[in-house]
Amino acid sequence: MRIPLPFKEFESMNFGIVTVSGISGLEPLSVLAARVGATLRERRQTVAVAESSAGGLVSAALLAIPGASAFFLGGAVVYSRRAAKALLGLTPEDMADGMRAETEPYARFIAGRIRDGHRATWGIAESGAAGPSGSPYGDAPGHVCVAIAGTATASRTIETGDADRVSNMDVFARQLLLLFDETLRAQSSAG
């Protein structure tokens, strides 16, 4: 499922499945958040965040930036179907045609839903299995799908191969902000 965009000149970016090993090579969450926040502030754009397995780490990192109210409109930890219904207004119809959590189409869908619900420029989302066990859908621990919805869309599947819950939560949060940073940079060079 592709989220309809108001600006057709930006292509949907799909980066495929990326296998990562822990957090080595990834910038600290605070560095990624600061760079994203500075870009959003400079462009006078806003973001809303939907997290599941990252447990609010992305929202916390963005909110730790002084002046975050200039770009951060809100966030939700959507950790269950009940939370998806209550916080995003998801219905059984939304989940028809094989749509399920922990997939790129679902991550793109909820990124668009959180964006629209907050009337933000951007919506960013992740859906995954932090561990130590896999998900009810059969995804291994360390599996996450991250997505961006705005004037451009992007999504990526990450496989850490690790069952460490805390480590995966950190990697998931960093990967979501990394994809958002890459998308913002690509948009800047495209325009």
Side-chain angles (χ1 to χ4, degrees), residues 1-3 11-36 47 49-62 64 75-84 87-88 90 95 97-114 122-149 152-186:
M1 169 182 247
R2 186 162 184 221
I3 298 169
E11 294 294 323
S12 176
M13 294 180 283
N14 182 324
F15 296 94
I17 296 177
V18 177
T19 302
V20 297
S21 177
I23 58 174
S24 63
L26 286 173
E27 291 180 285
L29 192 56
S30 60
V31 171
L32 290 163
R35 190 166 55 240
V36 163
V47 66
V49 182
E51 300 176 71
S52 69
S53 296
L57 292 176
V58 173
S59 294
L62 291 169
V77 177
V78 184
Y79 197 71
S80 66
R81 288 183 183 157
R82 180 177 289 187
L87 300 171
L88 298 176
L90 291 191
M95 301 304 288
D97 300 324
M99 175 78 78
R100 73 165 180 88
E102 299 172 22
T103 64
E104 288 185 48
Y106 178 79
R108 288 190 303 266
F109 178 74
I110 63 172
R113 181 63 64 96
I114 197 86
W122 297 96
I124 65 174
E126 61 81 18
S127 179
S133 59
S135 75
Y137 304 107
D139 296 313
H143 169 92
V144 70
C145 295
V146 296
I148 313 302
T153 59
S155 61
R156 179 181 292 157
T157 298
I158 308 295
E159 301 283 351
T160 67
D162 188 356
D164 183 86
R165 185 177 187 81
V166 174
S167 176
N168 282 332
M169 291 173 71
D170 185 37
V171 169
F172 295 177
R174 291 184 198 206
Q175 287 288 343
L176 178 55
L177 282 178
L178 176 63
L179 181 61
F180 191 27
D181 184 47
E182 291 170 357
T183 304
L184 290 169
R185 288 180 190 206

A.B. asks: Which atom pair, heavy atoms only, marks the closest approach of Ala147 to Arg108?
C.D. replies: CB-N, 3.4 Å
A.B. asks: With a 4.5 Å cut-off on side-chain heavy atoms, are Met95 and Arg81 touching?
C.D. replies: no
A.B. asks: Tell me if a side-chain donor or acceptor on Arg174 pairs with a main-chain N or O of Glu27 at a distance below 3.5 Å.
C.D. replies: yes
A.B. asks: Here's a test for you: under side chain to side chain contact (heavy atoms under 4.5 Å, CB included), which of Leu178, Leu179, Leu177 qualifies with Val146?
C.D. replies: Leu179
A.B. asks: Apply ring-ring contact (aromatic ring centres under 6.0 Å, His included) to Tyr106 and list each qualifying residue two or more places apart in sequence or on a separate chain.
C.D. replies: none
A.B. asks: Tell me which one of Ile114, Leu88, Leu90, Thr103 satisfies side chain to side chain contact (heavy atoms under 4.5 Å, CB included) with Phe109.
C.D. replies: Leu90
A.B. asks: Heavy atoms only: give me the nearest Val77-Leu87 pair and the separation to one decimal.
C.D. replies: O-CD1, 3.5 Å
A.B. asks: Of all the heavy-atom pairs spanning Tyr137 and Ala101, show the shortest one and how long it is.
C.D. replies: CE1-CB, 3.7 Å
A.B. asks: State, to 0.1 Å, how close Ile110 and Ala125 come at their nearest heavy-atom pair, and which atoms those are.
C.D. replies: CG1-CB, 3.5 Å
A.B. asks: Measure the spacing between NE2 of His143 and OG of Ser127 and express it to the nearest 0.5 Å.
C.D. replies: 7.5 Å
A.B. asks: On a heavy-atom basis, which atom in Cys145 and which in Ala107 lie closest, and how many Å separate them?
C.D. replies: O-CB, 3.7 Å
A.B. asks: Would you be so kind as to tabulate the donor-acceptor pairs closer than 3.5 Å made by side chains of residues 53-62, with sequence neighbours excluded?
C.D. replies:
{"from": "Ser53", "atom 1": "OG", "to": "Gly128", "atom 2": "O", "distance (Å)": "2.4"}
{"from": "Ser59", "atom 1": "OG", "to": "Glu51", "atom 2": "OE2", "distance (Å)": "3.0"}

A.B. asks: If I take atom CG from residue Asp164 and atom CE from residue Met169, how far apart are they, to the nearest 0.5 angstrom?
C.D. replies: 10.5 Å
A.B. asks: Kindly compute the distance separating CZ (Phe172) from CZ (Arg165), expressed to the nearest 0.5 Å.
C.D. replies: 9.5 Å
A.B. asks: Report yes if the side chains of Thr183 and Thr153 come closer than 4.5 Å at any heavy-atom pair, otherwise no.
C.D. replies: no
A.B. asks: Test your reading of the model: is there a side-chain donor-acceptor pair from Glu126 to the backbone of Ser52, 3.5 Å cut-off?
C.D. replies: yes
A.B. asks: Which value, rounded to the nearest 0.5 Å, describes the distance between Gln175 atom CD and Leu32 atom CG?
C.D. replies: 9.0 Å
A.B. asks: Do side-chain atoms of Asp162 reach the backbone of Asn168 as a donor and acceptor pair under 3.5 angstrom?
C.D. replies: no
A.B. asks: Check Gly134 against Ala129 and note the closest heavy-atom contact, atom names and distance.
C.D. replies: C-CB, 4.5 Å
A.B. asks: By salt bridge (charged side-chain N to carboxylate O under 4.0 Å, His left out), which residues pair with Arg185, not counting sequence neighbours?
C.D. replies: Asp181
